[in-house]
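Everything on this sheet refers to the single structure shown next.
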Amino acid sequence: MYDISRVAANGWKDSFTEEDRNSILDAIAEQRYVDFEAGQPTLAQRGAPIGFDENTDPIGREFGEFYSTPRGYHPNSITQFTITGSMSFMNFPLLTHIKSISPRPILFIIGEHAHSRYFSEDAYELAEEPKELYIVPNAGHVDLYDKKDFIPFDRLESFFTENLK
């Protein structure tokens with residue numbers, strides 16, 4: 001999983017200070033007026049760069065290797081949000097209501113080497129039983145999108161068989 005609202009509100013690995021957050025919210029407020037005058041929203045940078053190499057940051061490179069190559073590219077999948085759209089992510093955290101999902105059974109599946117692993121681990125801690133955290137050995141984040149040898153189909157099948165009665 002990827003907790004985009006957490007990253008927007010708190011920064012990568014919760015690195016923002018309150019001053020950072022307020023500065024970002026001020027900039028978004030200014031951008032709303034710029035977008036109004038332009039008659040269209042401004043998009044943030046692509047999360048999956050087109051054109052990347054060994055010097056590209058590891059997260060951008062991993063997403064670029066999927067979304068910016070024939071492996072996962074589609075012209076309608078621009079991997080961009082509007083700049084002003086991040087305000088709603090910042091103000092309405094997606095996991096606020098996780099307790100309304102659990103105590104229904106929840107299966108979190110993450111790659112052992114996924115840069116996003118901490119999102120799933122933290123959500124797992126917030127969830128009530130029954131829950132399971134399934135870690136796929138040697139897998140990264142996007143490996144679980146399409147690499148069939150990494151996707152734990154047997155665990156998915158047994159989870160749904162056990163819990164959709």
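Computed from a prediction, not measured in an experiment: that's the story for all the values here.
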Residues Phe81, Ser86; criterion side-chain contact (heavy atoms from CB on, under 4.5 Å); working and verdict: CA-CA 7 Å; Phe81 295 104; Ser86 62; 6.0 Å; no
Kindly determine whether Thr79 and Phe66 satisfy side-chain contact (heavy atoms from CB on, under 4.5 Å), including the steps that lead there. CA-CA 11 Å; Thr79 72; Phe66 181 81; over 6 Å; no
Phe119 and Val7: side-chain contact (heavy atoms from CB on, under 4.5 Å), yes or no, with the steps? CA-CA 10 Å; Phe119 294 129; Val7 171; 3.2 Å; yes
Check the pair His113, Asp143 against side-chain contact (heavy atoms from CB on, under 4.5 Å), reporting the backbone distance first and the verdict last. CA-CA 10 Å; His113 303 296; Asp143 291 331; over 6 Å; no
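The two residues Pro49 and Gly60 come nearest to each other via the heavy atoms CD-O, 3.1 Å. Nearest approach of Asp53 to Asn55, heavy atoms of both residues: OD1-N, 2.7 Å. Here the closest non-hydrogen pair linking Ser120 and Phe108 is O-CD2, 4.2 Å. Summarising the geometry of Tyr124 relative to Lys131, their closest heavy-atom pair is O-NZ, 2.8 Å, with the distance given to 0.1 Å. When all heavy atoms of Thr84 and Asp35 are compared, the closest pair comes out as CG2-OD2, 3.6 Å. The minimum heavy-atom distance between Leu95 and Ala123, with the atom names listed, is CD1-CB, 3.8 Å.
Separation of atoms CZ (Phe52) and CD1 (Ile50) is listed at 10.0 Å; rounding is to 0.5 Å. Residue Leu156 holds its CG atom at 4.0 Å from CD1 of Ile109, rounded to the nearest 0.5 Å. How far CD of Glu129 is from CZ of Arg104: 15.5 Å, rounded to the nearest 0.5 Å.
No donor-acceptor pair closer than 3.5 Å links the side chain of Ser23 to the backbone N or O of Glu19. Side chain of Arg117 to backbone of Glu112: a donor-acceptor contact under 3.5 angstrom is found. Put simply, the side chain of Ser102 never gets that close to the backbone of Ala127: no donor and acceptor are under 3.5 Å apart. A donor-acceptor contact shorter than 3.5 Å is absent between the side chain of Arg32 and the backbone of Ala29.
In the hydrophobic clustering of this structure, Tyr134 groups with Phe160; members are Ile, Leu, Val, Met, Phe, Trp, Tyr whose side-chain heavy atoms approach within less than 4.5 Å, directly or through other members. Ile98 and Ile110 fall within a single hydrophobic cluster, where Ile, Leu, Val, Met, Phe, Trp and Tyr side chains are chained together by heavy-atom contacts under 4.5 Å. Connection of Ile106 to Leu94 is not established within any shared hydrophobic cluster, with ILVMFWY side chains joined at heavy-atom distances below 4.5 Å, either directly or through further cluster members. Follow the hydrophobic side-chain contacts under 4.5 Å out from Leu107 and you reach Phe153 in the same cluster. When the side chains of ILVMFWY residues are joined at heavy-atom separations under 4.5 Å, either directly or via intervening members, Met90 and Ile4 end up in two distinct hydrophobic clusters.
Side-chain contact, His141 with Glu62: no donor N or O sits under 3.5 Å from an acceptor N or O. Remark: the Asp20 side chain and the Thr17 side chain contain an N/O donor-acceptor pair separated by less than 3.5 Å.
Environment of CD in Gln45: sparse, with no more than 12 heavy atoms of neighbouring residues, nucleotides or ligands closer than 6.0 Å. In Arg61, the CZ atom is crowded: over 12 heavy atoms of neighbouring residues, nucleotides or ligands sit closer than 6.0 Å.
Side-chain contact between Val142 and Glu65: absent, with no pair of heavy atoms (C-beta onward) separated by less than 4.5 Å. Looking at heavy atoms from C-beta onward, Arg46 lies in side-chain contact with Ser68 at the 4.5 angstrom threshold. In this structure, Phe159 and Arg155 have side chains that are in contact, with non-hydrogen atoms separated by less than 4.5 Å. Using a 4.5 Å heavy-atom threshold, the side chains of Met87 and Gln31 count as separate.
Checked options Tyr118, Tyr145, Phe89, Phe63; the residue passing with Tyr2 is Phe63 (criterion: ring-ring contact (aromatic ring centres under 6.0 Å, His included)).
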